[in-house]
Protein chains: 2
Amino acid sequence: MSQSPKPQRPTDPAKAAPSPKPSAPSARSSEPSRRSSEPSPRSSEPSPRSPEAPPPPVPTSADVARLAGVSRATVSYVLNNAAAVRISEPTRRKVREAAEELGYVPHAAARTLRAGHTRIVLLPTSHVPAGPLYSAFLDDLQWALRRLDYTVVQYGSLGLSGDQAARAWAELRPVAVISLGEIVLSARNVATLERAGAKAVITLGPVGVPGAHALVLDQGEVGAAAALHLVERGHRRIGVVVPEEPGLELFSAPRLAGARSVAGAEVEPVPLARTEESAGRLARRWRSLGLDAVYAYNDEYAMLLMRAFQDEGLRIPGDVAVIGADDLLLGRLLRPRLSTVRIQMPTGDYLAALVDRAVREGAEPAERHGLMAASAIPREST
Amino acid sequence: MSQSPKPQRPTDPAKAAPSPKPSAPSARSSEPSRRSSEPSPRSSEPSPRSPEAPPPPVPTSADVARLAGVSRATVSYVLNNAAAVRISEPTRRKVREAAEELGYVPHAAARTLRAGHTRIVLLPTSHVPAGPLYSAFLDDLQWALRRLDYTVVQYGSLGLSGDQAARAWAELRPVAVISLGEIVLSARNVATLERAGAKAVITLGPVGVPGAHALVLDQGEVGAAAALHLVERGHRRIGVVVPEEPGLELFSAPRLAGARSVAGAEVEPVPLARTEESAGRLARRWRSLGLDAVYAYNDEYAMLLMRAFQDEGLRIPGDVAVIGADDLLLGRLLRPRLSTVRIQMPTGDYLAALVDRAVREGAEPAERHGLMAASAIPREST
DNA sequence: ACATCCTGCTTACGCGAGTAACCGGCACGT
DNA sequence: ACGTGCCGGTTACTCGCGTAAGCAGGATGT
């Protein structure tokens, strides 16, 4: 434990020891010279922290044991409610009271090390995405995983390459990693994680990752639903907004392709940045494009564009029909009310269950498709 | 290390050993019976995982040492670039190559345990908030902390009480905790965290927490800025929206109070839920309230309300002036364009620097005020 | 009277990594 | 020939915890 003047109960030196155990740890002092004395058994109120005093040592289970007058093992058994070991009720109480008095909190790292595994589910987040859809999904997922007794850790991986990120994540030895598609993983990265003990690497995104449980969310569905809706309303020449903001290609390209796949639609890609200026510029040259409808990537771009169209004197949906995606509340407030595509993602419960199955049964990684449903919601702008 | 048939380099049994070191660990088998054999030195490609094979053991620094033909200590020195110890270049290369071949990744928990502390900064998140303002702030903060070599971990604490949350966080032994005000901490919770080694507990929110570095963001500023703007435009009887959604009182109450503090304003609280129905109901009875302006908590509520007013035939800003807060992009797209209050929060860099100072110098916790600036941005709705 | 069983603990060990202290050689000075 | 110093490592110990195995001592069986 330590080299400091500890009780060192005078155990019988001539004990019946089957193996030669001198067991003299030769009190060699190492460098973290902590635990200079008893952690002050009395004084339960947090002392007013005298200036420049060395921080009081963090209480360990050994401290609890000392205070309760039992062995560390007993403390461990009691605090973990080990049913298989018989500890008397009075002792249990003593231990619990001692722990309470010291404000003992177990050390997760020590526990992990001993156990050989964690129950951490890692959720890498590069940039925190706004969308209410996404936000609700994340809440769901966290709840569901907590119910299954996993610890959810969102680990910011901003600006890391796939390799760096994978290594950093692996250090935590998570049982599972759920990549929400903000960081693109390679098969090598998946291997790194699995070698570090991850039982499941799950990716959500437009493309699958070999070796991982890939939930392929086919963004094409969204584009297709939008285009289909427009075609049904009699539109033919359809513009599809492709955001100029970097990082969105993974979503916009499949959506564009999805729109293209719809029979009867002539699709024209239309670049647009998420600013009023860009929308104004596009609106001004709109008539020259010869299009009669636009699928604007999502509701934000759609709203931006709608306003610009109106400022330009274009009537909606008369001159041009507009449809977005994501079903934002605010889209309903515009005049005309914005038609949109509602996107159905896998639920948090579904994902949590998938994690749990993979962890417990070591399910084979596979690609799953068709998890994303998209349906057009007609309102007034189409 | 383990009880399995490991090489056990035939060291000279009659070595000059000053202290009696039988060092026979009496190969007692404990329960995590891992490391059944060498971790397959060859075969660098991930094998196709034969069904029901026990997962290959996670490589440790001992495996690296074995493969490189050196001691574990050497591995540690090399991989940590220890400058104080002289290791020849060829040996360094051997070690690095072995580590690479095995795909070795250090075990964060073991490191933490040994070091006695972490560099984790914990960011509790209960529900992921949408707002672009907040989102950008979080990104900033993560960047800044990473630059200072901290590890940012967002720990979902959904549905936990303050006490439970504090204990759960304490288990990770973070150096610092930055509570964004979603979970209300007590002084006791702060004490728990500090006893667990946290050098800094920082809270951001409308109220201070004793014992913590409290950045008190006075939401009153927002309400005051909005009300002041309205008064300057000649409005007197001002309605202040109070969201009915739970969890927002901590923000809405001070904002209301801030509005009340403005000289010349008669302020009336107006409950409103974030739905079209609620807004419609409010709009219908609006004329009976005798108010000539409304500060709508934030832009979302404002937009909701604006639409309902217009549907009711109220002219904006003629019959009623509307101002929101948060300066959302979409507010600019309405007609009339929505006036708003831009909120200035502390920057991520500022917060990160605060954390770093507290960690390194153990700065005294204190309340800081006046960190939130609010300024009205007049557009067309007022 | 002594073996046997239960109860209620304690003792010992290892998880993986970092590091102070030690140590065998070789080169060099005297 | 022998101390001295540097180089290039290795050995031993520790962090906090969980748990298998051991072990007193009282109760019970024969």
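Reminder, nothing fancy here: chain letters follow the sequence lines and each chain counts from 1. In this text, all values refer to a predicted model and were calculated from it rather than measured experimentally.
- Between the side chains of Ser186(B) and Asn189(B), at least one donor-acceptor pair of N or O atoms lies under 3.5 Å.
- With rounding to the nearest 0.5 Å, the separation of CG in Asn81(B) from CD1 in Ile87(B) is 11.5 Å.
- Per the geometry, CZ belonging to Arg66(B) stands 11 Å off P belonging to dG16(C), to the nearest Å.
- Note on Tyr104(A): a side-chain N or O is less than 4.0 Å away from OP1 or OP2 of dC17(D).
- Atom CD of Glu171(A) is separated from atom P of dA17(C) by 10 Å (rounded to the nearest Å).
- The side chain of Arg114(B) has dA17(C) as its nearest neighbour among dT10(C), dA12(C), dA17(C).
- Across all strands shown, Ser76(A) has heavy atoms under 4.0 Å from base atoms, whether or not it also approaches the sugar-phosphate.
- Of all heavy-atom pairs between Pro59(B) and Leu102(B), the closest is CG-O, 3.5 Å.
- At least one side-chain heavy atom of Val355(B) sits less than 4.5 Å from a side-chain heavy atom of Ile178(B).
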Would you be so kind as to tabulate the donor-acceptor pairs closer than 3.5 Å made by side chains of residues 144-151 of chain A, with sequence neighbours excluded?
residue   : atom : partner   : partner atom : Å
Arg146(A) : NH2  : Gly156(B) : O            : 2.5
Arg147(A) : NH2  : Asp349(A) : OD1          : 3.0
Tyr150(A) : OH   : Asp356(A) : OD1          : 2.6

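- Contact between the side-chain N/O atoms of Asn80(B) and the OP1/OP2 oxygens of dG18(C) is found at a separation under 4.0 Å.
- Qualifying side-chain hydrogen bond (donor to acceptor under 3.5 Å, both in side chains) partners for Ser61(B), counting only residues two or more places apart in sequence or in other chains: Arg72(B).
- Nearest-nucleotide assignment on DNA chain D puts the 5′-proximal partner with Ala73(B), out of His107(A) and Ala73(B).
- Shortest non-hydrogen contact noted between Leu122(B) and Pro174(B) is CB-CB, 4.1 Å.
- Atom NZ of Lys94(B) is separated from atom C1' of dG9(D) by 11 Å (rounded to the nearest Å).
- Phosphate proximity of dT10(D) to Ser71(B): present, with a side-chain N or O under 4.0 Å from OP1 or OP2.
- Of the candidate nucleotides dC15(D), dC17(D), dG18(C), dC15(D) has the atom lying nearest to any side-chain atom of Leu113(B).
- The side chain of Arg72(A) contributes no N or O atom lying less than 4.0 Å from OP1 or OP2 of dT10(C).
- Here Ser61(A) lies in heavy-atom contact (under 4.0 Å) with sugar-phosphate atoms only.
- Whole-Å rounding puts the Arg93(A) CZ to dG8(C) P distance at 14 Å.
- For Tyr77(A) and dC9(C), the OH to C1' distance is 10 Å, given to the nearest whole Å.
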Find every protein N or O atom lying less than 3.5 Å from an N or O atom of nucleotides 6-8 of chain D, and list the pairs.
residue : atom : partner  : partner atom : Å
dG8(D)  : N7   : Arg86(B) : NE           : 3.4
dG8(D)  : N7   : Arg86(B) : NH2          : 3.0
dG8(D)  : O6   : Arg86(B) : NH2          : 3.3

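- Protein atom CG of Leu102(B) is 16 Å distant from nucleotide atom C1' of dA17(C), rounded to whole Å.
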